[in-house]
Structure formats: C-alpha cells, structure tokens
Novice: 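Below: one structure in structure tokens.
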Number of protein chains: 2
Amino acid sequence: MNSFAPTEQRLAVTCRLQPAFPREPAVLVRLIKHLYKRVHDDANALLKPWGISHPEYNILMMLYGTEGYTLNPSQLAEAAGEKSANITRLADSLCEKGLIERTASDEDRRKVSLTLSRQGLAMIDDFMPAICTLLERQTAGLKPAETAQLERLLKKFLDQLERD
Amino acid sequence: MNSFAPTEQRLAVTCRLQPAFPREPAVLVRLIKHLYKRVHDDANALLKPWGISHPEYNILMMLYGTEGYTLNPSQLAEAAGEKSANITRLADSLCEKGLIERTASDEDRRKVSLTLSRQGLAMIDDFMPAICTLLERQTAGLKPAETAQLERLLKKFLDQLERD
DNA sequence: TCCATATATTTCATATATGAAATACATACA
DNA sequence: TGTATGTATTTCATATATGAAATATATGGA
C-alpha cells in the first residue's frame with residue numbers, strides 16, 4: 001500500500017458523487033503532482049551540501065548541456081520550466097555564488113548571456129556521482145522497456161497539454 | 001516540435017560529457033517537472049474566477065471524496081501532497097472564505113477536523129463542469145489503453161521513489 | 001503517579017515563486 | 001526619420017511554501 005492509495009480512493013468517491021468527473025485524467029494529474037513533489041524534495045535534500053536548490057541545479061545542467069555553456073534567460077526559462085521572473089532571481093543567486101556569469105550580448109543589446117563559470121563546471125563534476133546514483137535509484141523499479149514506454153506516454157501527454 | 005525538445009537535446013549533450021549520467025531517469029524526471037508546471041498553471045488559471053488556487057482546490061476535493069467530508073490536517077497533507085505547515089495556511093485561507101470549517105476533535109484533543117461547508121460543497125458543484133472539461137481535454141491525446149498504461153507505470157515509478 | 005517519548009498541529013522567520021508594470025532595445029514600415 | 005509594435009529582461013509588491021521550533025496532548029512503561 002503506497003502513499004497514493006488514499007488519494008485514489010477519494011477520487012473514486014468523487015466519481016460516484018459526480019458522474020461526469022473523469023477518473024483517469026484526475027488520477028494522472030494527481031500522480032504527476034505526487035511524483036513531482038517527491039522528486040523535487042529528494043533532489044533538494046541531495047543538493048543541500050552543495051548549497052544549491054533543485055531549480056538552481058536545473059539551470060546549471062541546462063547550461064552544461066549547451067554549446068559554449070551559455071544561454072539567454074528566456075531560453076533558460078523554457079529549458080528549465082521556470083517563469084522568466086524566476087530565472088532572474090535564480091541567476092542572481094547563482095552569480096553571487098560564482099557558479100555562472102552574466103554578460104551583455106552585443107548582437108542584441110536586449111539580451112543577456114548566462115554562462116557556466118569554471119567554478120560552476122567544477123561543482124557539476126563534484127555532485128555528478130551523487131546525482132547519477134540518485135537518478136539510477138529512482139528508476140530502479142522500472143524495466144528498460146517500461147522506462148521507454150513511460151517516456152513515450154509522458155511526451156504524448158505533454159504534447160496534448162501544450163496543444164492550445 | 002514541442003517545448004520539451006530543447007531540454008531533451010541538452011540532456012543528450014550531458015550524456016556525452018558525463019558517461020555515467022543516466023539518460024532515461026533524467027528525461028523522466030524532467031518530463032514530470034514540465035508536466036506538473038503545466039497542469040498546475042492551467043488549473044490555477046481555470047480556478048481564478050472562483051478565487052481559489054490549485055492547492056486549495058485539491059484540499060476541497062480530498063474532503064469531498066471522504067466520508068463525512070472531514071479530514072485531519074495530517075491526513076490532508078498526505079492526500080493532497082502538501083507539507084503540514086502548508087496545510088495550516090491553506091486551511092486558514094479556506095476557512096476565511098467560508099469553504100471549510102475547523103473544529104476540535106474530542107476523542108483526541110491534539111487533532112483538528114476540517115470539514116467541507118455547505119458553501120464549499122456548492123462551490124464544488126459550481127466549478128465541476130469546467131474542471132471536467134479541462135481534465136477531459138488534458139488527456140484527449142491519449143487512447144484509453146495508453147491512459148491505463150500510463151497510470152500503471154506512474155504508480156510503479158512512485159512506488160520506487162517511496163522505497164527507502 | 002511520574003516521566004520519557006511520540007504524535008498532531010501551529011507559529012514564525014525565511015525562502016521561493018509569481019503577475020504585472022517598468023525598462024530598454026529591436027524591427028517594420030509609413 | 002519617426003513612430004508603432006514587438007521582444008528580452010528586470011523590478012517590485014505580493015503570494016506561496018518551507019524547516020525548525022514551539023505548543024499541546026497522548027501513550028507506555030518504571
């Protein structure tokens with residue numbers, strides 16, 4: 001019996017009381033929320049010794065996965081799934097810690113470039129083993145075929161959410 | 001091409017730079033985050049006319065799905081996926097709006113009962129059609145078999161996250 | 001009874017995130 | 001050129017969420 005069972009039970013009651021209430025979508029949405037909270041909390045706990053949060057980690061990793069380790073705030077907002085006002089704040093925090101650098105773009109002077117610093121790179125190398133272990137453990141219960149299937153279905157779900 | 005493609009591309013780069021970095025778990029975790037943000041934002045936008053947030057909605061619905069429309073804060077924390085300190089705040093807000101009532105338990109005087117009020121019930125009936133429409137639309141891209149499969153896999157994923 | 005320990009909830013200071021307005025620059029075109 | 005419109009980012013006030021400590025009650029022995 002997992003932590004989701006009581007939630008599921010309550011959704012079943014709702015379906016009885018409200019015949020139009022669609023069980024499957026409601027269950028999926030609630031599962032997504034439970035999963036997100038858990039993943040978020042676990043990552044925050046793991047990263048605490050490095051003094052960064054999960055959203056800050058995501059920003060570092062999106063820069064890391066980019067040619068030249070550089071992105072604009074707006075690209076970062078999309079890649080990391082954050083609002084642009086939040087990117088400003090997170091970037092401020094990462095700058096103060098010396099993990100990224102903020103420079104003005106000269107092709108387009110409205111734009112700003114956020115670049116991983118030497119220290120940021122070093123920190124990624126440092127926490128990478130722990131991150132890899134966490135990620136492996138989080139999906140240890142799924143067979144490779146299941147993982148692939150789950151990825152496919154989640155993408156399809158996201159596609160639908162983003163339609164209009 | 002959806003909003004997730006750039007993120008996925010960056011994870012692929014990370015896999016090249018860090019051979020130990022496990023692609024599949026990282027992609028799943030990132031997908032969960034993107035999905036959650038979207039679902040959360042959409043629900044907040046839909047509920048705005050009723051003056052409640054997505055977390056507040058979740059609390060109302062968990063009470064609605066319970067015998068006697070009543071739960072303790074700690075049960076609510078688990079059901080709604082919120083921390084208990086947050087339940088206090090959300091319950092305060094819902095009380096002020098007259099949607100729930102807070103009463104002391106007399107079997108165990110540490111406990112508090114949160115009960116859906118007549119007004120809370122009426123509000124649920126009022127927003128229910130819009131919520132049903134949103135939920136249907138969110139999963140319109142998935143076939144019934146896919147939805148069922150997705151539910152199964154997400155539960156398995158959550159089970160694993162909650163192990164240890 | 002008394003005490004140690006555990007559970008339920010709240011408080012409070014602080015951290016995190018948001019929308020809307022403000023700022024600055026770019027682009028198109030009359 | 002001048003002006004309207006669009007895009008990129010930040011600012012700021014406010015909303016939302018958290019951890020850790022505080023409060024109150026319960027429970028199980030010694």
Side-chain angles (χ1 to χ4, degrees), chain A residues 33-34 36-59 70-97 100-115, chain B residues 33-34 36-59 70-97 100-115:
Chain A
K33 171 152 188 172
H34 278 244
Y36 172 71
K37 289 268 175 189
R38 184 72 196 214
V39 160
H40 184 68
D41 288 352
D42 286 357
N44 275 325
L46 181 137
L47 292 163
K48 195 157 198 177
W50 285 274
I52 63 171
S53 67
H54 186 213
E56 288 173 332
Y57 160 84
N58 281 331
I59 287 182
T70 299
L71 285 171
N72 304 321
S74 48
Q75 296 172 305
L76 218 29
E78 162 147 84
E82 299 290 342
K83 310 285 165 74
S84 61
N86 204 25
I87 294 293
T88 299
R89 189 181 58 82
L90 292 167
D92 285 348
S93 164
L94 291 168
C95 280
E96 277 173 28
K97 293 169 191 161
I100 68 173
E101 273 149 22
R102 202 196 301 250
T103 57
S105 158
D106 32 61
E107 33 138 309
D108 183 337
R109 303 200 310 172
R110 290 169 304 181
K111 291 187 181 174
V112 164
S113 293
L114 299 171
T115 305
Chain B
K33 171 152 187 168
H34 278 246
Y36 172 70
K37 289 269 176 190
R38 183 72 196 213
V39 160
H40 183 67
D41 288 352
D42 287 357
N44 274 326
L46 181 138
L47 292 164
K48 194 156 198 177
W50 285 272
I52 63 171
S53 67
H54 186 213
E56 288 173 332
Y57 159 84
N58 281 331
I59 287 182
T70 299
L71 285 171
N72 305 321
S74 47
Q75 295 173 306
L76 218 29
E78 162 146 83
E82 300 290 341
K83 311 286 165 72
S84 60
N86 204 25
I87 294 293
T88 299
R89 189 182 58 83
L90 292 166
D92 285 348
S93 164
L94 291 168
C95 280
E96 278 174 28
K97 293 169 190 161
I100 68 173
E101 272 148 24
R102 203 193 303 246
T103 57
S105 158
D106 32 61
E107 32 136 314
D108 182 338
R109 303 200 311 173
R110 291 171 301 182
K111 290 188 180 173
V112 163
S113 293
L114 299 171
T115 306

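Reckoned from all heavy atoms, side chains included, excluding hydrogens, waters and symmetry mates. Just so it is clear: chains get the letters A, B, ... in the order the sequence lines come, proteins before strands, and each one is counted from 1.
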Novice: Strictly below 4.0 Å, heavy-atom distances to any atom of DNA chain C: list the hits from residues 49-57 of chain A, or just say none.
Specialist: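 Correct list: A:Pro55.
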Novice: Can you tell me the distance, in whole Å, between the CG atom of A:Leu76 and the P atom of D:dA8?
Specialist: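 Atom-to-atom, A:Leu76 to D:dA8, this comes out as 14 Å.
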Novice: When the distance from CG of B:Asp92 to P of C:dT11 is rounded to whole Å, what number comes out?
Specialist: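 Whole-Å distance recorded here is 7 Å.
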Novice: Please give me the minimum heavy-atom distance between A:Leu90 and A:Pro55, naming the atom from each residue.
Specialist: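 Where A:Leu90 meets A:Pro55 most closely, the heavy atoms are CD1-CB, 4.0 Å.
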Novice: Just the rounded figure in Å: distance from C1' of D:dT7 to CD1 of A:Ile87.
Specialist: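 So the CD1-C1' distance, A:Ile87 to D:dT7, works out to 17 Å.
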Novice: Check whether any side-chain heavy atom of B:Arg102 lies under 4.5 Å from a side-chain heavy atom of B:Asp92, and answer yes or no.
Specialist: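 B:Arg102 reaches B:Asp92 side chain to side chain.
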Novice: Shortest non-hydrogen contact from B:Arg89 to B:Asn86?
Specialist: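 Distance-wise, the nearest heavy atoms are NH2-OD1, 2.7 Å.
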Novice: So, using side-chain contact (heavy atoms from CB on, under 4.5 Å) as the criterion, who are the partners of A:Lys83 when residues are at least two apart?
Specialist: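 For A:Lys83, the residues satisfying side-chain contact (heavy atoms from CB on, under 4.5 Å) (neighbours in sequence not counted) are B:Asp41.
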Novice: So, B:Asp108 side chain and B:Arg110 main chain: donor-acceptor pair closer than 3.5 Å or not?
Specialist: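 Confirmed, B:Asp108 side chain pairs with B:Arg110 backbone.
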Novice: Please report the distance, rounded to the nearest Å, between CG in B:Leu90 and P in D:dA15.
Specialist: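 Answer to the nearest Å: 14 Å.
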Novice: Could you check how far CG of A:Leu47 sits from C1' of C:dA15, rounded to whole Å?
Specialist: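 Distance, rounded to whole Å: 16 Å.
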Novice: Is the closest side-chain heavy-atom distance between B:Ser105 and B:Val112 below 4.5 Å?
Specialist: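 A side-chain contact under 4.5 Å is absent here.
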Novice: Which parts of nucleotides 18-29 of chain D does protein reach within less than 4.0 Å, heavy atoms only, written one letter per nucleotide 5' to 3' as B for base, S for sugar-phosphate only and - for none?
Specialist: BB----BBS---
Novice: Whole angstrom is fine here: how far is it from CD in B:Glu78 over to C1' in C:dT7?
Specialist: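 In whole Å, C:dT7 C1' and B:Glu78 CD are 15 Å from each other.
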Novice: Just to confirm, is there a sub-4.0 Å distance from OP1 or OP2 of D:dT9 to any side-chain nitrogen or oxygen of A:Ser74?
Specialist: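 For A:Ser74, the contact criterion (side-chain N or O under 4.0 Å from OP1 or OP2 of D:dT9) is met.
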Novice: Nearest-Å distance, CG (B:Asn44) to C1' (D:dA17)?
Specialist: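 Taking atom C1' of D:dA17 as the reference, CG of B:Asn44 is at 14 Å.
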Novice: For B:Ala80 versus B:Asn58, what's the shortest heavy-atom pair and its separation?
Specialist: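 Distance-wise, the nearest heavy atoms are CB-CB, 4.4 Å.
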Novice: Which atom pair, heavy atoms only, marks the closest approach of A:Leu114 to A:Pro73?
Specialist: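 A:Leu114 and A:Pro73 have their closest heavy atoms at CD1-CG, 4.0 Å.
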Novice: Can you check whether B:Ile52's main-chain N or O pairs, donor with acceptor, with B:Lys97's side chain at less than 3.5 Å?
Specialist: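 A pair under 3.5 Å: no.
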